[in-house]
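Note sheet for the following structure.
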Amino acid sequence: MATDTLKSKPGAQGGATGGLRRLLLDNGALTALIVLVVAMSALSGDFLTADNLLNVGVQAAVTAILAFGVTFVIVSAGIDLSVGSVAALSATVLAWSATEAGIPVALAVLLAVATGIVCGLVNGFLVSYGKLPPFIATLAMLSVARGLSLVISQGSPIAFPDSVSHLGDTLGGWLPVPVLVMVVMGLLTAFVLGRTYIGRSMYAIGGNEEAARLSGLRVKKQKLAIYAFSGLFAAAAGIVLASRLASAQPQAAQGYELDAIAAVVIGGASLAGGTGKASGTLIGALILAVLRNGLNLLSVSAFWQQVVIGVVIALAVLFDTVRRKAGATTPAAGASGGGNKGKQALTYVIAAVVAVAVVGATSLLHNGSSGADKPKIGLSLSTLNNPFFVQIRDGAEEEAKKLGVDLTVTDAQNDASQQANQLQNFTSGSLSAVVVNPVDSDAAGPSVRGANQAGIPVIAVDRGVNKADTSALVASDNVEGGALGAKALAEKLGGKGTIVILQGQAGTSASRERGAGFAQGLKDYPGIKVVAEQPADFDRTKGLDVMTNLLQAHPDIDGVFAENDEMALGAIKALGSKAGTSVQVVGFDGTPDGLKAVRAGTLYASVAQQPSELGRIAVRNALRAAEDEKVEKMVKVPVKVVTKENVAGFEG
C-alpha cells in the first residue's frame with residue numbers, strides 16, 4: 001500500500017520532518033483554514049471579532065448543510081447538481097403550504113422535508129434503475145425543481161411562517177440558530193458515515209462498485225438511500241436559508257450546488273469516491289465562508305472574489321492529487337484505529353492552540369489602531385451584470401471621491417442570500433453607514449435589522465426594504481415608470497395593436513413593480529392587446545432568444561415592452577429591420593446603450609431613471625445619516641420617457 005511505502009522510507013524525510021509533512025498532507029484543509037484565519041486577522045482588524053466570527057458561522061451554515069448531504073453522494077462516487085434547486089423547492093413548498101394552502105406549520109415542515117426526500121429518491125432511481133449518469137440525472141432534477149419552485153410561487157417570494165422564521169434568529173441574543181442546525185447535521189453526517197451499515201456501504205460502493213455488488217451489497221437500493229439523504233439535507237438547508245431571509249425565494253440557492261461540491265472536495269474527499277468525512281466537509285465550508293467574509297472586509301472587488309474562490313477550488317483538487325500520490329489518506333469515518341483517532345484528536349488540539357495564539361497576537365496587533373481617517377460606507381448592489389446598476393455604482397463612487405468617503409462596493413449577483421451575507425459583513429466592519437440596493441425587499445429585512453441593532457444607518461436605493469428601518473429611500477417609482485412606458489407605447493401605436501412583454505427575472509421586486517405599472521397604464525387603452533408575456537431575466541442574450549421564439553408564434557406584432565433596456569436591445573436584434581419601423585420597442589432604465597438605440601431610432605423610447613444620480617444622492621444621504629444630520633425619509637429622483645425628440649438633452 002502507498003502508506004506502507006511512505007512509512008518504509010524514514011531516511012528520506014527524517015522523523016520529525018516526515019511526521020510534519022504527513023500531518024500537513026492528512027490535514028491540508030485544516031492547515032489551509034488556519035492559514036486563512038491568520039492572514040485575514042492580520043489584514044483586517046474587523047475580522048477576528050466575536051460578532052464577525054459568528055457571521056462566518058451563519059454564512060457557512062447553508063453551504064455546510066448542503067455539503068453534508070453531497071458528501072454521502074461523493075463518497076459513493078456520485079455527484080448531485082440538484083441540491084440548490086431542491087433546497088429552493090422545499091422552502092417554497094413549506095411557505096406556500098403554510099400560507100396559501102392553510103396547512104398547519106408542523107405538517108408544512110414535514111411536507112417540505114418529504115419534498116426533498118422525494119427529489120432525492122427520483123435522482124437515485126434514475127441513476128440506479130434508469131442507468132443515467134449521475135451528472136445527467138441530477139442536472140435534470142436541477143431544472144425540474146427550479147421550475148416547480150417558480151410555478152408554485154408564481155415567480156414571487158412567499159413570506160415564511162413566523163414560527164419557522166425563528167430558525168434564522170439567535171438564542172440568548174448571540175448564538176445563531178443556523179450554526180446550531182449546522183452542528184447537528186454535521187454530527188448526524190459523521191454518525192451515518194462512521195457508525196451505520198449504510199455509511200460503510202457508501203465507502204464500499206465508492207471504492208469499487210462491482211466489488212461491493214459481488215460482496216453482497218444491494219447497490220441499487222443503497223444508491224436510492226444515498227440520494228434520499230442528499231435530498232433530505234437539501235430540504236433542511238432550504239428551510240434554514242428561507243428562515244434567514246424571512247421568505248421563500250424561488251430563485252434562492254442558485255449555484256449553491258457548486259459551493260457544496262467545492263466544500264466537500266476542499267475538505268479532502270475525492271471525486272473518484274471512497275474517501276471523505278464530515279469534519280473535512282465542515283472545514284471546506286468554513287474556508288469558503290472565511291474567504292468571502294474576509295474579502296468583503298478587505299474591500300476586494302466582487303469580480304476578483306470569484307477569481308480567488310475558483311483558484312482555491314483548483315488548488316484543493318490539485319492538493320488532493322498530490323496527497324494521494326504521496327500516500328496520505330483520508331480514512332473512512334469510524335474506520336481508523338484508536339491510534340489514528342488519538343492522532344486526529346491531537347491535531348485538532350494543536351489547531352485550537354494555534355487559533356488561540358492567533359487571537360492573542362492579532363488582538364495586540366490591531367489594538368488601538370483603528371485609524372479611521374475617512375468615513376467608511378458600504379454599498380451592496382443587487383447585481384453588477386446590468387448597466388443600470390453599474391451606473392449607480394459609478395455615480396456613488398464619483399460622489400464618494402468628491403466627499404472624501406471610503407466606499408466599499410459588493411455585488412450580490414441577484415442572490416438574496418449572498419446579499420444577506422454581505423450586509424452582515426458590513427455590520428461587522430467599522431462602517432459609518434450602509435447603502436443597499438435590495439435583491440428582494442423582504443429578504444433584505446433581517447440583515448438590515450441587524451444593522452439597525454448595531455446602530456449603523458442604512459440607506460435604500462432604487463428599492464425599499466420591508467420590516468426594517470432605513471434612514472432614507474432614494475428611488476424613482478418603478479410602478480409609475482411602467483405606467484409611463486405603457487402610455488408611450490400605446491400612444492405611438494395610436495391606441496390599438498398587439499404587443500408582447502419581456503419580463504425581468506422572476507421574483508425580483510423591479511420586475512413585479514414595472515410589470516404592475518405597465519398593466520395598470522394599459523387599462524386606459526383597451527385597443528392594445530397583450531398576446532404574450534415571457535421572462536428574459538433582464539439579460540440581452542435571453543431577450544434576443546425569447547423574442548426570436550415569440551416571433552415564430554406572433555410574427556405580426558406591433559409593439560414590445562421590455563422591463564429593462566438590455567432585454568429591449570436583444571429584442572431589437574431579433575426584430576431586425578422591423579425595429580423602429582413596423583414594430584415599436586419601449587425599454588426601461590435609460591442606459592447608455594439604450595439611449596444610443598433611441599438616437600438611432602430602433603428603440604422608440606426608454607423610461608429613464610437617472611441611475612448615476614441615484615448613486616450620488618444615496619452616498620450623500622448616507623454620509624449625512626452617519627453624521628447625525630437630518631435626512632428626508634423619501635428622496636424621489638424623477639423618471640422621464642426619453643425618445644428621439646428629447647434624448648439629446650438627457651443625461652443619465
Any side-chain heavy atom of [X] within less than 4.5 Å of one from [Y]?
{"X": "Gln251", "Y": "Leu150", "answer": "yes"}
{"X": "Val439", "Y": "Gln249", "answer": "no"}
{"X": "Arg512", "Y": "Asp440", "answer": "yes"}
{"X": "Phe191", "Y": "Thr196", "answer": "yes"}
{"X": "Thr410", "Y": "Phe426", "answer": "yes"}
{"X": "Leu288", "Y": "Ile266", "answer": "yes"}
{"X": "Leu180", "Y": "Leu175", "answer": "yes"}
{"X": "Leu297", "Y": "Asn52", "answer": "yes"}

Inset, instruction - Kindly compute the distance separating OG (Ser380) from CG (Asn425), expressed to the nearest 0.5 Å. - result: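 It comes to 10.0 Å.
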Inset, instruction - Give the minimum heavy-atom separation between Ala61 and Pro178, together with the two atoms involved. - result: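 That closest heavy-atom pairing would be CB-O, 3.6 Å.
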Legend entry - Smallest separation among heavy atoms of Pro446 and Ala246, with atom names: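 Of all heavy-atom pairs spanning Pro446 and Ala246, the closest is CG-CB, 3.9 Å.
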Inset, instruction - Would you please test Leu54 and Val179 for side chain to side chain contact (heavy atoms under 4.5 Å, CB included) and show each step? - result: CA-CA 8 Å; Leu54 287 174; Val179 174; 5.5 Å; no
Inset, instruction - Report yes or no: does Asn293 contribute a side-chain atom to a donor-acceptor pair with the main-chain N or O of Val56 at less than 3.5 Å? - result: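 No, because the side chain of Asn293 does not come within donor-acceptor range (under 3.5 Å) of the backbone of Val56.
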Legend entry - Ser270 side chain to Thr275 side chain, donor-acceptor N/O pair below 3.5 angstrom: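 Side-chain D/A pair, Ser270 to Thr275: absent.
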Inset, instruction - Say whether Thr71 and Thr281, considering side chains only, have a donor N or O and an acceptor N or O under 3.5 Å apart. - result: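 Present: a donor and an acceptor within the cut-off.
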Inset, instruction - Would you list the pairs meeting salt bridge (charged side-chain N to carboxylate O under 4.0 Å, His left out) in which at least one residue belongs to residues 53-70, sequence neighbours left out? - result: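 Those involving residues 53-70 do not exist here.
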Inset, instruction - Provide the full list of salt bridge (charged side-chain N to carboxylate O under 4.0 Å, His left out) pairs with a residue in residues 256-265, sequence neighbours left out, each pair given once. - result: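 Sorted pair list: Asp259-Arg292.
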Legend entry - Contacts of type side-chain hydrogen bond (donor to acceptor under 3.5 Å, both in side chains), residue Gln503, not counting sequence neighbours: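 Partners of Gln503 by the side-chain hydrogen bond (donor to acceptor under 3.5 Å, both in side chains) criterion, ordered by chain and then number, come out as Glu533.
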Legend entry - Set of side-chain hydrogen bond (donor to acceptor under 3.5 Å, both in side chains) partners for Asn421, sequence neighbours left out: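 Per chain and number, Asn421 pairs via side-chain hydrogen bond (donor to acceptor under 3.5 Å, both in side chains) with Arg244.
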Legend entry - CG/Asn385: more than 12 non-hydrogen atoms of other groups inside 6.0 Å: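 It does not: Asn385 CG has 12 such atoms or fewer within range.
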Inset, instruction - Would you mind telling me which of Ser247, Ser97, Ser153, Ser149 makes a side-chain hydrogen bond (donor to acceptor under 3.5 Å, both in side chains) with Thr92? - result: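 Passing option: Ser149.
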Inset, instruction - From the options Asn55, Asp51, Thr49, select the one residue that forms a side-chain hydrogen bond (donor to acceptor under 3.5 Å, both in side chains) with Ser428. - result: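 Looking at Asn55, Asp51, Thr49, the match for Ser428 under the side-chain hydrogen bond (donor to acceptor under 3.5 Å, both in side chains) is Asn55.
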Inset, instruction - Would you list the pairs meeting ring-ring contact (aromatic ring centres under 6.0 Å, His included) in which at least one residue belongs to residues 64-88, sequence neighbours left out? - result: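 Every pair satisfying ring-ring contact (aromatic ring centres under 6.0 Å, His included) with a residue in residues 64-88: Phe72-Phe229, Phe72-Phe233.
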Inset, instruction - Apply side chain to side chain contact (heavy atoms under 4.5 Å, CB included) to Leu245 and Phe160, showing your working. - result: CA-CA 8 Å; Leu245 303 177; Phe160 227 49; over 6 Å; no
Legend entry - side chain to side chain contact (heavy atoms under 4.5 Å, CB included) between Met182 and Val240, worked out: CA-CA 9 Å; Met182 174 180 69; Val240 171; over 6 Å; no
Legend entry - Leu89 and Ile152: CA distance, side-chain angles, deciding distance, side chain to side chain contact (heavy atoms under 4.5 Å, CB included) verdict: CA-CA 9 Å; Leu89 175 60; Ile152 293 170; 3.9 Å; yes
Donor-acceptor pairs under 3.5 Å, side chain of residues 103-131 to any protein atom, not counting sequence neighbours: which ones?
| unit_1 | atom_1 | unit_2 | atom_2 | d |
| --- | --- | --- | --- | --- |
| Thr115 | OG1 | Leu111 | O | 2.8 |
| Asn123 | ND2 | Ser82 | OG | 3.1 |
| Ser128 | OG | Gly124 | O | 3.0 |
| Ser128 | OG | Lys220 | O | 3.3 |

